[in-house]
There are 2 protein chains.
Amino acid sequence: MAAKKSQTGSSSEAAETARRAPMREFSRSLPMSLLRAREAVMRQFRPALRNHGLTEQQWRILRALTAVDAIEVTELARVAFLLGPSLSRILRDLEARQLIERRAAKADLRRAVVSISAKGMKLIEAVAPTSEAIYAEITGRFGARKLAELQEMLGVLERSLAAMEVAGEESGKIEE
Amino acid sequence: MAAKKSQTGSSSEAAETARRAPMREFSRSLPMSLLRAREAVMRQFRPALRNHGLTEQQWRILRALTAVDAIEVTELARVAFLLGPSLSRILRDLEARQLIERRAAKADLRRAVVSISAKGMKLIEAVAPTSEAIYAEITGRFGARKLAELQEMLGVLERSLAAMEVAGEESGKIEE
DNA sequence: CGATTTCACTTAACATGTTAATCATCTCCC
DNA sequence: GGGAGATGATTAACATGTTAAGTGAAATCG
């Protein structure tokens with residue numbers, strides 16, 4: 001089971017090092033931990049959403065819209081945590097399905113204002129009980145206190161990194 | 001600023017409730033917290049990976065391959081936490097770029113065995129220092145102890161939900 | 001005013017996520 | 001050994017993630 005040592009010789013000396021001593025256990029890296037945890041959670045919700053013809057992101061948007069009377073697209077992107085292009089496509093689809101309504105802002109024709117329709121609201125109402133039940137089950141299994149603690153830590157992590165420089169621009173092509 | 005009340009009447013009674021009292025603060029839901037936290041982390045790494053022509057998933061695969069001599073595709077999917085179809089596409093690309101090598105298993109021709117190439121290993125070596133530096137910076141900002149604690153909680157959450165039934169099959173179309 | 005720049009949003013192009021279907025092998029059992 | 005079913009991998013089809021480019025409207029400045 002030993003790695004194929006001394007095969008290519010000195011050429012892959014560092015390669016051998018990496019092979020023997022992985023940078024990090026990888027599956028234990030923070031991004032992987034967060035990814036797996038999120039997937040474990042979403043795996044519970046996706047079937048229920050799917051039964052109502054909604055994807056996770058479409059659900060996020062409709063959910064966000066129930067909390068406001070109307071909202072501009074950019075602000076909606078921030079709240080639902082979606083990038084502009086994704087949001088554009090999804091809004092086009094949701095509008096075609098008449099789950100939302102869109103109109104131009106009077107004061108600034110560049111801006112579009114979105115709101116949920118009665119039909120969209122009914123859909124939300126149909127899914128909400130199941131969704132809430134699942135959330136309650138998760139809370140029960142993991143523990144309400146631990147859940148709050150976890151979310152607090154996630155928030156701290158997020159804020160810790162918010163101010164962090166996004167380095168990696170390699171050479172000094174910072175300005176263009 | 002009040003919601004358009006008493007417009008459609010009793011029909012959207014629950015809708016009004018939802019509008020006034022959102023099911024959950026939404027942005028504070030567990031899935032959103034996990035998503036934002038992960039994005040905050042990955043936002044630090046993506047530029048560096050991009051400078052080396054790698055996406056996050058391609059990096060995950062190469063990283064996973066450095067820990068083993070060779071691995072079957074299904075097992076690689078499990079380790080790198082990718083679905084089969086995604087992995088298939090990415091392996092095709094990585095193979096075309098000669099960053100990995102693939103061959104059929106002798107005992108079972110259905111199975112494919114993948115390993116990282118010398119060229120792939122060199123790429124890993126080129127990115128690793130930057131990647132490690134970023135990880136160290138994150139650890140420093142958030143705190144090594146808190147980081148370990150967070151990952152422990154994420155693991156517990158994952159295992160708490162592993163046994164949970166994935167309900168939501170609506171009607172009894174469990175069998176097909 | 002009018003040209004330039006900025007801004008909000010959309011489109012484009014490519015990579016991945018997600019589920020279903022397909023294809024080739026392999027196993028099992030008669 | 002041969003056919004039904006199981007299995008590993010890929011392909012198909014559609015939705016989203018991600019970055020760059022495009023479009024129209026607004027703000028800025030000369």
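Each chain gets a letter, A, B and so on, in the order its sequence line appears, and its residues count up from 1.
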> Thinking salt bridges, do B:Arg111 and B:Glu75 make one under a 4.0 Å N-O criterion?
Replying inline: no

>> From CG of A:Leu91 over to P of C:dT11, roughly how many Å is that when rounded to an integer?
In response: 11 Å

>> By the 4.0 Å heavy-atom rule, please label A:Glu56 as base, sugar-phosphate, or nothing.
In response: nothing

>> Please check this pair: side chain of B:Thr130 against backbone of B:Ala48, looking for a donor-acceptor N/O pair closer than 3.5 Å.
In response: no

> Has the side chain of A:Tyr135 got a donor or acceptor atom that lies under 3.5 Å from a matching backbone atom of B:Leu30?
Replying inline: yes

> Which of the following nucleotides, D:dA15, D:dA20, C:dA20, is nearest to the side chain of A:Arg50?
Replying inline: C:dA20

>> Taking the minimum atom-to-atom distance to the side chain of B:Glu39, which one of C:dT19, D:dT18, D:dG17 wins?
In response: D:dT18

> Mapping A:Pro85 and A:Asp108 to their closest nucleotides on DNA chain C, which lands nearer the 5' end?
Replying inline: A:Asp108

>> Taking the minimum atom-to-atom distance to the side chain of A:Ile90, which one of C:dA8, C:dT16, D:dT16 wins?
In response: D:dT16

> On DNA chain D, nearest-nucleotide positions of A:Gln58 versus A:Ala107: which is more 5'?
Replying inline: A:Gln58

> Has A:Thr55 got a side-chain N or O lying under 4.0 Å from the OP1 or OP2 atom of D:dA15?
Replying inline: no

>> On the side chain of B:Arg110, is there an atom forming a donor-acceptor pair with the base of C:dC26 - under 3.5 Å, no angle test?
In response: no

> Looking only at side-chain N and O atoms, does B:Gln57 come under 4.0 Å of OP1 or OP2 in D:dG17?
Replying inline: no

> From the list D:dA25, D:dA20, D:dT10, which nucleotide is the closest neighbour of the side chain of A:Leu109?
Replying inline: D:dA25

> Do any side-chain nitrogens or oxygens of B:Arg46 fall under 4.0 Å of OP1 or OP2 in D:dT18?
Replying inline: yes

>> Nearest whole Å is fine: how far is C:dG17 C1' from B:Leu35 CG?
In response: 13 Å

>> Before you tell me yes or no, could you show the steps for A:Ser33 and B:Gln151 under side-chain hydrogen bond (donor to acceptor under 3.5 Å, both in side chains), namely the whole-Å CA-CA distance, both residues' side-chain angles and the distance that decides it to 0.1 Å?
In response: CA-CA 6 Å; A:Ser33 294; B:Gln151 292 188 287; 3.3 Å; yes

> Phosphate oxygens OP1/OP2 of D:dT16: is one of them under 4.0 Å from a side-chain N or O of A:Ser86?
Replying inline: no

> Any N or O donor-acceptor pair linking the side chain of A:Arg89 to the base of D:dG17 at under 3.5 Å?
Replying inline: yes

> Would you say C:dT10 has OP1 or OP2 under 4.0 Å from some side-chain N or O of A:Arg102?
Replying inline: yes

>> What is the distance, to the nearest angstrom, from the CZ atom on A:Phe81 to the C1' atom on D:dT16?
In response: 14 Å

> For the side chain of B:Arg60 and the backbone of B:Phe81, is there at least one donor-acceptor N/O pair under 3.5 Å apart?
Replying inline: yes

> What about A:Val113 and A:Ile100, same hydrophobic cluster or not, with Ile/Leu/Val/Met/Phe/Trp/Tyr joined at side-chain heavy-atom distances under 4.5 Å?
Replying inline: no

> Rounded to the nearest Å, what distance is computed from the CZ atom of residue A:Arg111 to the C1' atom of nucleotide C:dT6?
Replying inline: 12 Å

> To the nearest Å, how far apart are B:Arg43 CZ and D:dT18 C1'?
Replying inline: 14 Å

>> Can you identify which nucleotide, out of C:dT11, D:dT11, D:dT18, has its nearest atom closest to the A:Leu83 side chain?
In response: D:dT18

> Atom CE of B:Met42 to atom C1' of D:dG17: distance rounded to whole Å?
Replying inline: 12 Å

> What is the distance from CG of A:Leu82 to P of C:dA8, rounded to the nearest Å?
Replying inline: 18 Å

>> Output the rounded distance in Å from CG (A:Leu54) to P (C:dT18).
In response: 16 Å

